Structure formats: structure tokens, C-alpha cells
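Okay, structure first, notes after.
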Amino acid sequence: MRLRFYLIDVSYEVEGNVPVIMLWGLDEDEEPILIKDPSFRPYFYAVLSEDADTERVARGIKALSKPKSPIIDVSLAERKYYGRPVNALKVVTTIPESVREYREEVSRLDGVREVLEADVRFSMRYILDRGATPCSWYEADVESTSPTGFRVRSAYVLKGDLRRLEEARPPKLRVLAFDIEVYSPLGSLRPENNPVIIIAVANDRGEVKVLVKEDGGSDASLIDEFVRYVNEYDPDVIVGYNSNMFDWQYLMQRSHVLRTRLDVGRVRGGVPRQSAYGHVSIPGRLHVDLYNFAEEIPEVKVKSLDEVADYLGVMRKSERVLIPWHEIPKYWDSRELRETLIKYARDDAVSTLLLAKEFLPFAIQLSSLTGLPLDQVGVASVGYRLEWYLMREAVKYGELIPNRVERPYEPYKGAIVLEPIKGVHEDVVVLDFTSMYPNLMIKYNVSPDTLVRGDCDESRCYFVEDLNYRFLRDPPGFYKNVLTTLLRLRGEIRALMRRLDPESPEYRVLDERQRALKILANASYGYMGWVGARWYFKEGAESITALGRRTISRAIELARVLGLRVIYGDTDSLFVSYSRDSIEKFINLVNEELGLEIKVDKVYRRVFFTEAKKRYVGLTGDGRIDIVGFEAVRGDWTDIAKEVQEGVAKIILTTKNVGEAVNYVRRVVEDLKSNAVDVEKLVIWKTLTKRIDEYEVDAPHVMAARRLEKLGVKLDVGSKVGYVVTKGSGSISSRAHPYMTVKPHEIDTDYYVNHQVIPAALRILSYFGVTEKQLESPRGKSLADYLGKK
DNA sequence: GCAATCCACGTACCG
DNA sequence: ACCGGTACGTGGATTGCG
């Protein structure tokens, strides 16, 4: 029979000695189904040296075959490697594990230059070879089989090929959000002792439930109840917030202690597994940790669930219950407070579900483009996402996939950043090259397979003068092909969108898809210069920055010829003083001479620079203030300092009234000194970028982190440490304490005046002649001094 | 012997 | 676990002075 279905995940099981691919999906009624494909076999390639005797090597490989897990087939494969045809033998084995076994032995054989694609995991191999990209619709010939052992409506065996359908809209996936609370009076969470007390769940059909451990009872029944709930609701997607690192880890360990089974998958008896890359996978369902997507919102500095939900507007902090984690035991133990704790857990589950609505549409598009299953696309870094896309493209072009190899880091020169003309400028236009690096990669055909090592004249090659690299003009290289496709697809989608109602669901789907395409294209240069990349290409990366420098330098010359005053520029952008005609001319001239598009990105009524690069404040046409680079947009400065700096910037740019700005700062300083500022606004947040014992110096956040650990808090690389500076003598580090352990009167307000508020304010005000002294002195005094000054 | 100065470390930003 | 360029606070070593 013919079956249409939406593929959500691909896994495999070894039945007897046969690997069986499991295609998890939804049918047209949006019911869960499973399709088995027992026909696929693992394999890898052996690339032969040019003079090797193919037959002889093939025989040699066959001779390695062991009866237990034999080599089934060795055949010649027509493949290219970095654009060149090579002699490659495809070595097919029985079960996935034997790939690992044979790769070493084969690579040691005489005549074998390299073993390739042996590090591609079996289900990903299937996705690549069969074009079985998750989060897409397919049609296939299938035969019914028994669904016994699986929580699906029907099961099938695949007969023949998968045909991918055009339909981009996903079915209505069943989504379940959950959140757990653990009781741990001592701070440290120990699964041997500390019970799970609450599991809150919220599903996309509007049901919200808070499961609570019974007093005097074991949390085993709570966990069982949760398992029952999951299987009853039967979600396609389970979402959590930090659930990879916390909720599932804890549930898994606690279940082990309690000897209960976390049987939440669509394989009966299948339990969550810690898979590669720190992700927890659930058989037959997609577990998506939304924290991974929150990490990609740079505007939110401390990425707790409530902050992210507040930022995205799905649940305001002011409209929900908030409980600091260290007070959970207190709330649980008190009869009156427990209700609040339950409400808190409920709000967490609901915000998690709402975040899923925000993030999943994008994740789905990314999954269908890269081929990474939805539950892996979030944990995959930008580099890996692009890499999977490249791998799919390589298979399409018959290109062999390079191995992942460890290489030493090799630095190279980057972009140009201009020295800004400091001061306030009126009417400034910001121009930038559209997707400069990807377009340079296309324009100069920069790719590992087009680099010419020997002679090449200008008719056949592009030259990168400063570096003495040359790239073939033709044929298009791997990167050029891939980027052209990415940009073309994006263009087509944007054209489609113009004909749609921006409020329609179709529009949203396409918008997420074009965003995903843009992100992949923009990652290509960085990927090329990443030593961990399969298609690492340092010569290419440094060629692109060199070409970028050449391009922006020439654009500056052209601007100056036209009489445009260049105020600042960074990499692919230029800030020039406004002049309607000249800017239009400039845009055309750049287009003609450089063959790249430059366009107006922003127009500032006023923009202010200090002598520092990468920092400016702009006033837009509609009266908004853009702050770039300054403390006000940094996550490692206190809220009070950021607030003051933003206030100062606003006053200066809108009114130019220095006296007013000074008075404003003085008011805040007074408030600080009289303890009228919220402690929350005094917390400094910093990320741990390595294990605590690896730090060479006792930086304040490291000391605070050590103090937190003493309280039993577990800290990982990437954890944010929030600390305040207390009164006393000695270094700042010696006085940096976790904020929740400090009482308001212990805080060193002088530190906040002298090291936070005043420096942040002065960063802007010192340009107007304001000094530290003037900000410290009491309000009103000596104001006249600088009122007359500017 | 001590304050001033310098420099490495560390973090987070820009494009 | 995408790149290089950049600013800047802090701790700790070094320098400069007497």
C-alpha cells in the first residue's frame, strides 16, 4: 500500500544480526506510526592510492571478513574527493558496530590511501543516503506489520524508496512540556536522598497538571504517575527547559535509586538514554531542550526560564510566581507556602510550553534543512548544523565526506575596523554590504577544491594578491555550489512570502525557513576557518578576510571621492555623513566597481563615538536609542550601571544637556549611598568558561563560584555566577559573594559607585569634560562649572 | 619597602 | 566546539624610587 507520512525521527535496532532502520512518523490522521526498513546496511569507503591495483585491494579487504559480522560486499564506487574523481571501494558490513572494527584494518592495507565516512553514524547514514530528512513529508510503498512492542497506531515495513513531498507545513504535533522540582534542604542535589516533589506538565491541547508527591509517600509513585501521563497523552515532542542537564538526568538517576522504570518512549520498555553530545533521547519521541534555543538570544544575558519567557513576552515576570531555587525546601515544608510552590511549578511548565511555540517552528525548519533530527538540532552547534547540511549536499554531488580530524589551531588575519571620529555627529547613514563573506566566497569561487597550488593565469583564476592564493574561475567549487543553492532557496522563499498574508501560518513557516537558510549561509565563512570542521580550509578563510579588507578599503576610497565623510566602519559597514545624492551615487558605484551589493541599513539623527572601536550610541529617526558595545549592553555589568549609562546616553543624544545628565547620575549615586537601590540591581553575572580548578587567577566570579560550591551548588562550564561585593578590606575577589548569601547592609556601596555607576557614566560623559569628582559631589553643587562649558 | 606601572587573564562584545 | 578584532576590569608580577 501507498502511505503518506511525516517523518519525525530515525533510529535503528539490531534484530538478530540484522540492523533495522526505524522511521518514526505521523500519518495523515496525525497518528503515530512506525516504518521498519531492514534493507539498509552500514558501509564506509576506502580511497585507493593512484597506482593501486583495485582488484587486489578489494580482495585484500574481503579477506579481512570475519564470520561473526562479515563484510558483505566490496564494490567500486564512482566518487569525487575534493572535486577530483578517485578510486574508491565501498565496503559494506552487516551491523553498524563492525564498521568501527574494519575501518582500522582496512586503512592499514597496502594501496589504501584513506578510509572515509566510517565516522558517520548509522541512522544519519540512512538520512543522508535515502534523503530521509526528518520534519518532512514522504510517500512510500509499505506493507502492514504488527505494532506489538511499540506505542504506535500502526507499523509497516518499507518496500521500495521514499519519495519526499513538497508540502512544507508540519502536522499538528502533540507537544508536552514538563518541569520537575526536587527537595534538597542542603543545596546539593543527591538522587540517593532527595526526592522529586513536583512534576508539572502542560500540553498543547490546553491541559495543565501539577503532579505532587504525597506526604509520607515515596516519589516512586509520583514518577509512575508522570510516566502514565506521558504515555496517555502520547506526545510526539517532549519539551523541557534545561531538561538535558537537569530534569531527565535527575529522573533517570532517581528512578534507578527507586527501581522504577521511566518507560516514556514509543518503544515499550524503552527508557531515556544519554546520547552523544550531552543530549537525552527518548525512543520514538523527540525530546527538545528549549534552553538550547534560548542560548541563541543574545539580548537575554541570564537565561533562566522566567527571563527568557519574559523577554519573548510569553509570560511576564510580573504575572507569575517566582521562587529562588534555594528557597524551594522552605516553600515545600510550609503548609501555606506549598500552594505557591505548586503555582510556581505550573507557571514553569506553562512557560516552557509557550517557549516551544516560539522555538519549534524554527527548529523544525532547521531540522528539515540539515537532516539533523529535531531533538539533535538544538544541541548541535552552529558549525555542526552547517556541517550536516554540507554532508547532505556532498552526497548529492557524489563527493566523499572528509574525516573529522584534530588539527592545531592556526591564527590568521581578520577584518578591518576603522578608528572612529569621536564626538557627536548629526545625520549619519550606516551602509553595509549584504552578506559580504558568503558573497565573496561565491564571487571568487573560494573552496578547497578550487585552490590552485601551481601556476595559473588571470584568465583562468581569481587572485588573492596579498596572500598569493589563486582560485579557479570554473567550475564552481563545493562552497560556491552550496552557497548559491542556499541563497537561491532563500530568494525563492522570500518571493513566495510576498504573496502571502504575514499573519498566515504558511507565512510563519516560510519565514522560519528563510531564517534558517540565512543562518546557514552566514556560518559558512566561520565554519571554513574552524579547525574542527570536516571541510576546514584556512587558505579560504584568510582569503575571504583579505578580500573583505580589500573590498571595504576600496569602498572607503570611493566614498571619499564622492565627498562622503567616513566616520566609522567595521568589517562590512561604513558610517558616513548624510548626503542624499552622493549616497545614491556611492551605492551604484560600489555595485558597478566591486560587483557586490551595499545598502543603507540605518540612518541616525545623531550618533556618538568615543575613541573606542566597536562602541557607539545612535539616535534613530523614531527617537529610539541604539547602544552598541558599551557597558549598557553587556551582561557582566550591574543593572544599576547599565541603567545609568543608558539614561545618560538618552539625555545626551536627545537634549545634549550635560548638566541634566550629571544631575541624573548624582541622584543615582545618592540613592546608592543611602541604600535605596534594589540588591538585584547590584548583582554582577559572569560565565564560568572553564572548570573552577583550572583558573589561574582568583577573579571575583571564580571566588564567588568557589563559595557557591561550598554551599553544595553544582557548577558546570557555562554556568552563570551572580555575585555582589561586600564591605571590608582586601581585594574585590576576597569580597565577592554569591548574591543570595549577602544581606543588603553588608554590600559595599562605594564599590558600586566607584567601579560601576561612575565609570559607566563617565564612559560617555568624560567626552563632555565631566570628571569623576563632579559626579561624586552632592547634587546641585558646582553645577555651573560645566553648564557653561559645552 | 612600597606605590606606581605593566601585563596576562578573563569575559563579553561587534560584525 | 564558527571566525578574528576589540575594550576593559582585575590580580599579580615588575619596576622605580628612595
Side-chain angles (χ1 to χ4, degrees), chain A residues 276-278 295-296 298-299 301 379-387 390 404 406-407 409-420 430 432-438 441 519-538 540-546 548-549 552 568-575 601 610-616 626-638 641 684-690 694-703 705 717-718 720-721 725 730-736 751 754-756 759-760 762-763:
Chain A
Y277 325 113
E295 279 182 309
E296 291 167 34
E299 292 87 346
K301 312 294 175 181
V379 283
S381 68
V382 174
Y384 283 129
R385 289 175 189 173
L386 177 63
E387 187 150 282
L390 295 176
R404 190 167 286 151
E406 266 192 64
R407 306 182 180 85
Y409 165 69
E410 305 175 276
Y412 61 88
K413 220 167 135 193
I416 289 178
V417 188
L418 301 187
E419 208 74 60
V430 184
D432 57 30
F433 283 94
T434 37
S435 306
M436 185 198 242
Y437 285 0
M441 288 171 74
I519 285 172
L520 290 176
N522 285 346
S524 53
Y525 150 74
Y527 174 85
M528 196 161 65
W530 170 40
V531 287
R534 288 179 190 267
W535 279 276
Y536 172 65
F537 184 38
K538 188 208 161 198
E542 64 179 335
S543 293
I544 291 304
T545 55
R549 292 192 298 272
I552 195 84
Y568 176 65
D570 183 350
T571 312
D572 60 351
S573 71
L574 286 178
F575 290 55
D601 181 46
T610 66
E611 53 286 302
K613 296 171 172 183
K614 297 192 182 275
R615 294 186 155 205
Y616 54 88
D626 267 354
I627 302 185
V628 179
F630 282 109
E631 287 75 8
V633 296
R634 291 180 63 100
D636 56 351
W637 281 71
T638 57
I684 299 165
W685 291 94
K686 274 199 158 76
T687 312
L688 292 175
T689 59
K690 44 179 133 181
E694 289 174 326
Y695 280 95
E696 290 182 40
V697 289
D698 296 333
H701 75 293
V702 178
M703 295 292 277
V717 173
K720 285 250 194 241
V721 180
V725 177
S731 67
I732 295 162
S733 292
S734 68
R735 295 182 284 126
Y751 171 83
N754 298 322
H755 289 78
Q756 288 279 332
L762 277 183
R763 199 80 65 206

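Everything quoted here is computed from the prediction, not taken from an experiment. Throughout, protein chains are lettered first and strands after them, A, B, ... in sequence-line order, and every chain is numbered starting at 1.
A:Y536 has its ring centre no less than 6.0 Å from the ring centre of A:Y527. Annotation: A:Y384 is in aromatic contact with A:W530 [ring centroid separation under 6.0 Å].
No donor-acceptor distance shorter than 3.5 angstrom exists from the side chain of A:S435 to the backbone of A:P438, with no hydrogens or angles considered.
Considering only the side chain of A:A612, C:dC8 comes nearest among C:dC8, C:dT6, C:dG5.
Within the 4.0 angstrom heavy-atom criterion, only backbone atoms of the sugar-phosphate kind lie near A:Y409; the bases stay farther away. Among the heavy atoms of the strands lying under 4.0 Å from A:G526 is at least one base atom, whether or not backbone atoms are also near. Residue-level contact check: A:T545 touches neither bases nor backbone, having no heavy atom under 4.0 Å from any strand. A:G383 comes within 4.0 angstrom of the backbone, heavy atoms only, and of no base.
At a threshold of 4.5 Å between non-hydrogen side-chain atoms, the residues A:F575 and A:L418 do not count as touching.
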Write down the protein N/O and nucleotide N/O pairs, taken from nucleotides 12-15 of chain B, whose separation is under 3.5 Å; answer none if there are no such pairs.
from, atom 1, to, atom 2, distance (Å)
B:dA12, OP1, A:T687, N, 3.1
B:dA12, OP1, A:T687, OG1, 2.8
B:dA12, OP2, A:T687, OG1, 3.1
B:dA12, O4', A:R634, NH2, 2.8
B:dA12, N3, A:R634, NH1, 3.4
B:dC13, OP1, A:K301, NZ, 2.8
B:dC13, OP1, A:V633, O, 3.2
B:dC13, OP1, A:G635, N, 2.8
B:dC14, OP1, A:G629, N, 2.9
B:dC14, O2, A:K614, NZ, 2.6
B:dG15, OP1, A:Y616, OH, 2.9
B:dG15, O3', A:D570, O, 3.4
B:dG15, O3', A:D572, OD1, 2.1

I'd like a table of atom pairs between the protein and nucleotides 13-15 of chain C - only N or O on both sides, under 3.5 Å - with the distance next to each one.
none

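Look at A:R385 and you won't find any side-chain N or O under 4.0 angstrom from OP1 or OP2 of C:dC2. Phosphate proximity of C:dC2 to A:Y412: absent, as no side-chain N or O sits under 4.0 Å from OP1 or OP2. The phosphate of C:dG9 has neither OP1 nor OP2 within less than 4.0 Å of any side-chain N or O from A:H755. Phosphate contact (OP1/OP2 of C:dC2, side-chain N/O of A:S381, threshold under 4.0 Å): present.
Heavy-atom neighbours of A:K413 NZ from other residues, nucleotides or ligands within 6.0 Å: at or below the threshold of 12.
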